[in-house]
There are 2 protein chains.
Amino acid sequence: MSETVGRVLEAERDGDQRSGRKRIRRTSEEARRQILDAAEARLTSLGPEGLRLQDIGRDVGMSHSAILHHFENREGLVKALASRAAEQLKAEVLAALSTPDGSAPEAGQVIEKVFEILSERGYARLAAWLTLEPRRENRRHSRQMIAELTRVIHELRVQHHGDADRDPPLEEDTANVVLLVATVAYGDGIMGKALRMAAGRDDTPAARARFRAWFGRLIQGHMDDCFDQASARDASKP
Amino acid sequence: MSETVGRVLEAERDGDQRSGRKRIRRTSEEARRQILDAAEARLTSLGPEGLRLQDIGRDVGMSHSAILHHFENREGLVKALASRAAEQLKAEVLAALSTPDGSAPEAGQVIEKVFEILSERGYARLAAWLTLEPRRENRRHSRQMIAELTRVIHELRVQHHGDADRDPPLEEDTANVVLLVATVAYGDGIMGKALRMAAGRDDTPAARARFRAWFGRLIQGHMDDCFDQASARDASKP
DNA sequence: TACGCAATTGACAATTGTGTAAGCAACCAC
DNA sequence: GTGGTTGCTTACACAATTGTCAATTGCGTA
């Protein structure tokens, strides 16, 4: 994603300046990769309105027809974009979950990572665009992704939940925690800036980090101390 | 918003079927209202791609030129839409905060209301569309909106924080809580369905309610019991 | 070197959405 | 009624995009 992103801005700067250059020929695979990279960059920075074949083509230095050649039609490009993003996302989050020494990953650390991927790096916006766009029912790829994560995390949680004599955490509680973290990360990635503005706060990296840290402590606290109370209260209600 | 929404679907069903009807003439105000209603319905259900002047015109039974007459251009329509939505949102949330008898509103209740407006009723999607669309820096209207809310809520919180001998909650903690609730409500409204799918849960109203309730208890618990611990821990960190 | 596959191009067609201008027609005031 | 204001319409100009197709050319291979 890095290589082509630079070129996007470059091309943006000095217009269509690939005049004298000879026609370059990529492998099909490489072409698809470059196109997806450029499309991703445009999508996160400009929204779906910015996803125009001609522009993407200019970014990677080919005509829009070439893109159609590789992806059949615009829909095909969007679909490919969606699956690739989902796969990358999943891989990175799973990677963040495994500590090198097999110890319990700290909630704050994991949350930090999730936020970094979803919020800071723009995946949330990308996913939002793709999700909010109706008519695409499919996206089967991301299905069960969070379920898997939940299993992994709950396993860890039960494993490390201390030698205390209190009850082990309920699976549903873990599921809720995971869902909450994901929801917050997406919400922050999509609306975070606007919300902070509306809160009269500035949107500096430091401010974002403070909020993330606070949230991390909240979750950590819930999982460390409060979960038995919470689950007890949970059970008492209808 | 209700009156015209029905007509949207109607028109969707039986095509452009306003043939024999005479030309109707509304007041400028009424016309604007109807147009905004239809636009809002389209925006929340179809995304910004569905915001086409011709379609909106067909929904309310006028030509697309009439819309341009009322809003100057498409931009004007979108701006009007944004301000109106922000105002309504603010009004409803403030209304939810004031209990009839002046007692402390329960966190769960307020959260429920916020979710209902933002998530269930589609305001989150609408706001997301409008926010994610770049190039519009303005939206000054919503500025400070959450700040105001935070002040109101913090006031309530300090007022009712029990006669305990513990410290009163920090203002920053309240700000974080408000920001978190807003973030979750937006995140849920925008990505909630997709996330629940990815979690292998079904997206029934009951399931949504369960999650909201769990989250409400988490927040309530934080504000009731844990805030002194949390803020202490907060202060101890850099 | 010659050949052929497939990536790439360039021109063009077709569609669709925004915006303009001039005229028509409700409704109000007199 | 008569006239004026203005909501609304029809027709058209215009731009931007996706998609098609034949032609071109880079590059591995026989």
Side-chain angles (χ1 to χ4, degrees), chain A residues 4 7 11 15-39 42-43 46-81 133 135-136, chain B residues 4 7 11-12 15-39 42-43 46-81 129 133 135-136:
Chain A
T4 341
R7 215 182 300 172
D16 192 344
Q17 208 60 297
R18 56 184 207 81
S19 40
R21 214 117 47 263
K22 281 175 70 177
R23 154 198 297 203
I24 48 176
R25 184 194 179 95
R26 295 146 264 237
T27 65
S28 173
E29 193 182 314
E30 174 65 9
R32 287 178 62 99
R33 200 188 58 75
Q34 288 187 7
I35 293 168
L36 287 176
D37 285 350
R42 271 202 132 62
L43 194 56
L46 299 174
E49 316 268 321
L51 209 57
R52 285 184 285 254
L53 299 187
Q54 306 204 18
D55 296 347
I56 299 171
R58 184 152 16 87
D59 289 348
V60 297
M62 64 174 70
S63 68
H64 82 280
S65 313
I67 299 180
L68 288 169
H69 169 71
H70 286 292
F71 292 95
E72 190 89 28
N73 51 28
R74 196 192 127 105
E75 258 314 279
L77 172 61
V78 174
K79 277 185 187 168
L81 200 50
E133 201 78 32
R135 72 183 128 161
R136 245 186 306 289
Chain B
T4 341
R7 215 181 301 171
E12 214 73 51
D16 193 345
Q17 208 61 298
R18 57 181 206 81
S19 39
R21 213 121 46 266
K22 279 175 73 179
R23 154 198 297 205
I24 46 177
R25 183 194 179 95
R26 294 146 265 232
T27 65
S28 172
E29 195 182 312
E30 174 65 9
R32 286 177 63 100
R33 198 188 60 76
Q34 288 188 7
I35 294 168
L36 287 175
D37 286 350
R42 274 197 180 275
L43 194 57
L46 300 174
E49 317 267 321
L51 207 58
R52 284 183 287 256
L53 299 188
Q54 305 204 19
D55 296 346
I56 300 171
R58 183 151 16 86
D59 289 347
V60 296
M62 63 174 73
S63 67
H64 81 281
S65 311
I67 299 180
L68 289 169
H69 169 70
H70 285 293
F71 292 95
E72 189 90 27
N73 51 29
R74 196 192 129 105
E75 257 316 276
L77 171 63
V78 174
K79 278 185 187 169
L81 200 52
W129 283 128
E133 201 78 32
R135 72 183 127 160
R136 243 185 308 288

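A, B, ... follow the sequence lines: proteins, then strands. Residue 1 opens every chain. Hydrogens, waters and symmetry mates play no part in the numbers below; they use all other heavy atoms, side chains included.
Taking atom NE2 of residue B:H64 and atom C1' of nucleotide C:dT20, one finds them 9 Å apart after rounding to whole Å. B:L53 places its CG atom 18 Å from the P atom of D:dA15, with the value rounded to the nearest Å. Taking atom CD of A:E75 as the reference point, atom P of D:dT18 lies 12 Å away to the nearest angstrom. Atom CG of A:L77 is separated from atom P of D:dG19 by 10 Å (rounded to the nearest Å). Atom CZ in A:R25 sits roughly 13 Å away from atom P in D:dT25 (whole-Å rounding). Distance, B:D55 CG to C:dT18 P: 8 Å, rounded to whole Å. Atom P of nucleotide D:dT6 and atom CZ of B:R26 are separated by 18 Å, given to the nearest angstrom. Computed from coordinates, the A:R33 CZ to C:dA7 P distance equals 16 Å when rounded to whole Å.
Using a 4.0 Å cut-off, some side-chain N or O of A:H69 falls inside it from OP1 or OP2 of C:dA7. The phosphate of D:dC8 (OP1 or OP2) has no side-chain N or O of B:R23 nearer than 4.0 angstrom.
Side-chain atoms of B:L36 and B:F71, non-hydrogen and from C-beta on, do get closer than 4.5 Å to each other. Residues B:D37 and B:Q34 form no side-chain contact, since every pair of their non-hydrogen atoms from C-beta on lies 4.5 Å or further apart. Contact check for B:L53 versus B:L77: side-chain heavy atoms found under the 4.5 Å cut-off. For the pair B:I56 and B:R58, the minimum side-chain heavy-atom distance is 4.5 Å or more. Counting only heavy atoms from C-beta outward, the side chains of A:E49 and B:E49 approach each other to under 4.5 Å.
Put simply, the side chain of A:R74 and the base of D:dT17 share no donor and acceptor less than 3.5 Å apart.
Within 4.0 Å (heavy atoms only), A:I67 reaches no atom of the nucleic acid at all. Within 4.0 Å (heavy atoms only), A:T27 reaches no atom of the nucleic acid at all.
The nucleotide whose nearest atom lies closest to any side-chain atom of A:L68 is, among C:dT9, C:dG19, D:dT20, D:dT20. Considering only the side chain of A:S65, D:dC21 comes nearest among D:dC21, D:dG7, D:dT24. Comparing D:dT10, D:dG7, C:dT8 by their nearest atom to the side chain of A:M62 picks out C:dT8.
Summary for the helix from C:dT1-D:dA30 to C:dC30-D:dG1: the axes at its two ends, each from 5 pairs, differ by 0° when rounded to the nearest 10 degrees.
Although no hydrogens or angles enter the test, the distance criterion places a donor-acceptor pair under 3.5 Å between the side chain of B:R74 and the main chain of B:L51.
The existence of a salt bridge linking B:E29 and B:R32 is excluded, since no basic side-chain nitrogen approaches an acidic carboxylate oxygen closer than 4.0 Å.
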